[in-house]
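In what follows, a structure is listed as structure tokens, so that the remarks can point back to it.
Below, read A as the first sequence line, B as the second, and so on, with proteins coming before strands; counting in each chain starts at 1. For the numbers below, each heavy atom of this structure counts, side chains included, while hydrogens, waters and symmetry mates do not.
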Amino acid sequence: MHPFHPSYVFTVLVQLFPYIGVTLLMMLGTVIFGGAIGILLAKAKIKRRIVPRAIAEVYTYLTRCVPSIIMLFIVYYGVPALLLQFGININNFNKGVFVITAFSILFASNLGEVFRAAYLAVDPGQREAAVCSGLSEFQAFYRIILPQAAVHALPNFSNMLVNLMKEGALAYSIGLIDVMGEGNLLIGRNQGSYTLETYLGMAIIYWALTYVIELIFGKLEKNLSKGKKHATSVA
Amino acid sequence: MLFSVKNVSKAFKDNQVLKKVDLEVNKGDVVVILGPSGSGKTTLLRCIDFLEKADGGELDFDDIHTDLSHASAKTIEKVRKKSAFVFQNYNLFANKTALQNVTEGLTIGRKVPKDEAIEIAKKALDKVGLSDKYDSYPVQLSGGQQQRVGIARAIAVNPDIILFDEPTSALDPELVGEVLKIMRELAGEGITMIVVTHEMKFAQDVATKVVFMDGGVVVEEGTPKEIFTNPKEERTREFLMRILPDFNYSI
């Protein structure tokens, strides 16, 4: 084993930097599609109509029990096999599609819980006051409930993003070349040299990303907390 | 007659909270609903504004006639736009300033132009004595001030009727007066209102009609004088005796 080269960590950072985009795109895609499913799940659970609610509960239960890496492989092998039954061949689709699909399925339940908790944190009396003021149900939701629920959702949402980012590193296992994937390729190209330096470089990238996420969400929460306790007067 | 409900029934699971309640309100009336906890007063008020869905009953309000259990979304919106509701817990919009709380129902609910809405809202807040609190958020206001914003929000839309659901019950005793004072002023201006309250003095002084409810039915109704000095029903007497220490009636 060769001696540890701290300076090589820097080289790794430079080489992996462009792949942060792939990691961020994976997160963005998952938040969009997983968020869409999550909204449906949250709505089904809040509205308490028996059939949608049962479906949402079962969905949450099933997906919560599956490790990400298993879900990745199930989607990676399962979805093309399923679609092939209908004569659709998606075997040469970008790996990112499978990764986003798998993580959307998984994180939809987390996102749904984040949304549901945030919605329930707003006093239902405000909805009543809004509709009694002559707003429609949609206007009451959109103008009164949503802005407050969004603020409640921010801390949990940011936690979830960090989790998603870390779990996302597993995507290399089906061949996605993100920060983790490219890091592994680097190790391979160096024939096992600089392994520790490479992993340290990756850790630094994930640490920096986490820091940025938490910074952004901390600022957002502060700015959006209009009318919450400790908020400063506008006057 | 401006407003009436007939045969309002409502059950929560096995608990029959309202049993065919009737209520009539003329223009300019101040109808005060009294009764022990659990008598259905608040539920009646909430059914009128469709915050609870009644199991049965009819509503006549100006030109609107509707079934309370099968009202269309459009009818419900129409009723709500002609009325206003003041809540026990104020229910101010926490993300909006006092002024925005009042303009919301005007600009969004009723499509009043913004400048005009702000003028109306300022006048309403001035009227409830909050000229210096336009830009305060609800958390920065005391309970009494919050409820006054709630009342300003109600009067700003110039409703045909205001429904008050125990507007002083959540307030510290020393803040009750400031809210009742405003309600007295509104009554003096001839604003039609239905008030669910435990403030007997208010009922005695201000009401044009007192309705006594117990066990989901209207036990007795009449002028404050009739109810407070000469109640016909035993249940009314018992209630008044419990609540008014110096209550005397002739046997």
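Contact of B/Glu77 with chain A is made through the side chain alone, with heavy-atom distances under 4.5 Å. When heavy atoms are compared at a cutoff of 4.5 Å, B/Lys111 approaches chain A solely by way of its side chain, counted from C-beta outward. Only the side chain of B/Phe87 comes within contact range of chain A, judged by heavy atoms closer than 4.5 Å. Heavy atoms closer than 4.5 Å to chain B are found nowhere in A/Ala140, neither backbone nor side chain. Interface residue A/Gln139: only side-chain heavy atoms are found under 4.5 Å from chain B.
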> So B/Asp165 and B/Thr42, side-chain hydrogen bond (donor to acceptor under 3.5 Å, both in side chains) or not? Walk me through it.
Replying inline: CA-CA 6 Å; B/Asp165 180 20; B/Thr42 290; 2.8 Å; yes
>> Walk me through whether B/Lys127 and B/Glu185 qualify under salt bridge (Lys or Arg N to Asp or Glu O under 4.0 Å).
In response: CA-CA 10 Å; B/Lys127 194 165 178 180; B/Glu185 283 168 21; over 6 Å; no
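Electrostatic pairing of B/Glu119 and B/Lys123 does not count as a salt bridge here, judged by no charged N lying under 4.0 Å from a carboxylate O.
The two residues B/Ile162 and B/Pro159 come nearest to each other via the heavy atoms CG1-CG, 3.6 Å. The heavy-atom pair separating B/Gly143 from B/Leu175 by the smallest distance is N-CD1, 4.3 Å.
The residue among B/Glu104, B/Arg110, B/Arg153 with the most heavy atom pairs within less than 4.5 Å of chain A is B/Glu104. Heavy-atom pairs under 4.5 Å with chain B were tallied for A/Val122, A/Ile144, A/Ile145, A/Val151; the largest tally goes to A/Ile144. No other option in B/Leu51, B/Asn101, B/Ile76, B/Leu106 has as many heavy-atom pairs under 4.5 Å with chain A as B/Leu51. The most heavy-atom pairs under 4.5 Å with chain A, out of B/Leu92, B/Asn89, B/Val79, B/Val157, come from B/Leu92. Note on A/Ser136, A/Pro147, A/Ala129: by heavy-atom pairs under 4.5 Å with chain B, the leading option is A/Ala129. Of the listed residues (B/Arg80, B/Lys78, B/Lys81), the greatest number of heavy-atom pairs within a distance under 4.5 Å of chain A belongs to B/Arg80.
A heavy-atom distance below 4.5 Å is found between the side chains of A/Phe157 and A/Leu111. When side chains are defined from C-beta on, B/Met183 does not count as touching B/Val86, because their heavy atoms never get closer than 4.5 Å. Contact annotation: the side chain of A/Ile205 never approaches that of A/Tyr19 to less than 4.5 Å [non-hydrogen atoms, C-beta and beyond].
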